[in-house]
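Scroll down for the structure; my scribbles are underneath it.
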Protein chains: 2
Amino acid sequence: MPKETFFNLSEDKRARIETVAIEEFAENSLNSASVNTIVSKAGIAKGSFYQYFENLEDLYQHILKIAQKRKLGLISSLPSPSGNMDTFRYLQRLLLVDLAFELNYPRLSQVERRHKFENPITSSIDPETGQRFSGDGRFHAFLSQGILHDDIATWVDTDLAAYALEVLSSWLSPYLLERLEQDSGKTIEANQELSSDPLVQDLLQNLLDILMAGMSRDPQIRKDFYSK
Amino acid sequence: MPKETFFNLSEDKRARIETVAIEEFAENSLNSASVNTIVSKAGIAKGSFYQYFENLEDLYQHILKIAQKRKLGLISSLPSPSGNMDTFRYLQRLLLVDLAFELNYPRLSQVERRHKFENPITSSIDPETGQRFSGDGRFHAFLSQGILHDDIATWVDTDLAAYALEVLSSWLSPYLLERLEQDSGKTIEANQELSSDPLVQDLLQNLLDILMAGMSRDPQIRKDFYSK
DNA sequence: CCTCATTGTGACCGACTGGTCATATTATAT
DNA sequence: ATATAATATGACCAGTCGGTCACAATGAGG
């Protein structure tokens, strides 16, 4: 945790440091990020840095917490909680969260992606259910409800599916953003409303159709192929 | 390209350097990898290093070429070329290539993944077809044949699907490997035949069923949900 | 043996790294 | 104005970085 001194800083100075740090951690892993670069870009003395943080990792963890906080903020700002929501919209909402995160905080999103890359799958056995459990659980929860609502077939391996969905969701956003930019020919500025862009909606629908159709039915297709 | 001196080296010395380098690049990006570490672990003098390579990037590119070469070797060692193959087996084969690569050269596979991470999507417009084109084209080719054989619906956005499949394939392998290890309780040694392990076959089948079922049919599912 | 080319070596260089600390500056309270 | 606490600063440290280079070792042809 950053020291008290850091939190006593003026709003703009703290924001400046955080912005610079986010940019640094988006481009470099914790090992290769540079304190000197950060203090120089942020316009503070090196000594000051060590009055605010124990070390680089201290700042890194702080940035990760910011990412977590902002993503939670986005989740609560998106329409309706997940209780009485049909399975299709549930998954759509999960993907939209990551997309909105990418649109609003692209560099922070990159920090998070890099973090996931450097600290990969931490799957383990859930002590409560005795089931395998990987990732942050969002997609496990989705799959559970989907199966409960009979919208997802029971033969689907939930841990595999959750892992695949998490990977997909994490990497889908930058793809959509880049495709959007190439389509409109201009850079997209941070705007949460852009997730309602027709092209994005279309592509998202496309992927959702594939996934939902694939997970909801019997794997008849395979037998079809074999009997051909 | 490495200098001639490097290729004149004895087989074991060259292999030793390459192995050490692969390990270093699996753990560090090009920026944070260390010449000193490599020469120290490989047991050669620093001066020697610069008689073999122009610089670190020179070695890095060499390692990437090794990865490419070995993957090609795996592709040609796997059953039957892609001409007269049904769509399901085609996709299965593509995923198996990455899986075999992970099993036989796990650290090299990690180097490749890291490389993809640091040098992300380079999608552009294919000058021949005028279509969008991202990744190495393996999955684009697959999708084209699938559509041709009427096994993949035409409404599927091929570039989005190809991107998603590439991401999935790249990240599926380490997941399967880890799951296999956790299931059998022991570490898996390099063995291409292990891709025929029942658990792996099962999980692969599971994912293939989802993907193929999802991509082969009309997106009826969506309308079902809306009319609920 | 000598010659010449190739290969191997590690001390050395300037630049940069994370981290420290004595000192200077500022703010607060009396 | 004075005293005290909180904050800001950059010179400085030991260590590591990529890269060089004068020199030593090795091998081949004669």
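Letters A, B, ... mirror the listed sequences (proteins, then strands); counts begin at 1.
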(request) Mind calculating the distance between NZ (B/Lys46) and C1' (C/dT7) to the nearest angstrom? (result) 18 Å
(message) Closer than 4.0 angstrom, basic N to acidic O: yes or no for B/Arg93 and B/Asp98?
(response) no
(message) Does D/dC17 have OP1 or OP2 under 4.0 Å away from a side-chain N or O of B/Asn36?
(response) yes
(message) One thing to verify: whether B/Arg114 and B/Glu27 come together as a salt bridge, which I'm taking to mean a side-chain N less than 4.0 angstrom from a carboxylate O.
(response) no
(request) Select from A/Tyr50 and B/Leu9 the residue whose nearest nucleotide in DNA chain C is closer to the 5' end of that strand. (result) B/Leu9
(request) Output yes when a side-chain donor or acceptor of B/Ser76 lies under 3.5 Å from a complementary backbone atom of B/Gly73, and no otherwise. (result) yes
(request) May I have the distance from B/Leu30 (atom CG) to D/dG18 (atom C1'), rounded to whole angstrom? (result) 12 Å
(message) Without decimals, in angstroms, what is the distance between B/Glu57 CD and D/dG19 P?
(response) 10 Å
(message) Output the rounded distance in Å from CZ (B/Phe49) to P (C/dG8).
(response) 14 Å
(request) Let me know, please, whether B/Lys13 or A/Asn31 comes out on the 5' side of the other along DNA chain C by nearest nucleotide. (result) B/Lys13
(request) Please determine, for the side chain of B/Ser48, which listed nucleotide (C/dT7, D/dC17, C/dT9) has the closest atom? (result) C/dT9
(request) Give the nucleotide from the list C/dG10, D/dG18, D/dT7 with an atom nearest to the side chain of A/Thr5. (result) D/dT7
(message) If you compare every side-chain N and O of B/Ser34 against the phosphate oxygens of D/dG18 (OP1, OP2), does one of them come in below 4.0 Å?
(response) yes
(request) Determine, using ring centers only, whether B/His115 and B/Tyr60 are less than 6.0 Å apart. (result) yes
(message) In whole Å, I'd like the distance from the CD atom of A/Glu4 to the P atom of D/dA5.
(response) 15 Å
(message) Whole angstroms only, please: what is the CG-C1' distance between A/Leu59 and C/dG18?
(response) 14 Å
(request) For B/Gln51 and for B/Asn55, find the nucleotide of DNA chain D with the closest heavy atom, then tell me which residue's nucleotide is more 5'. (result) B/Asn55
(request) State whether B/Tyr52 places a side-chain N or O below 4.0 Å from either non-bridging phosphate oxygen (OP1 or OP2) of C/dT7. (result) no
(message) Tell me the interatomic distance from B/Asn28, atom CG, to D/dC17, atom P, rounded to whole angstroms.
(response) 11 Å
(request) Report yes or no: does B/Asp58 contribute a side-chain atom to a donor-acceptor pair with the main-chain N or O of B/Met1 at less than 3.5 Å? (result) yes
(request) Nearest whole angstrom, please: distance from the C1' of D/dA8 to the CD1 of A/Ile17. (result) 12 Å
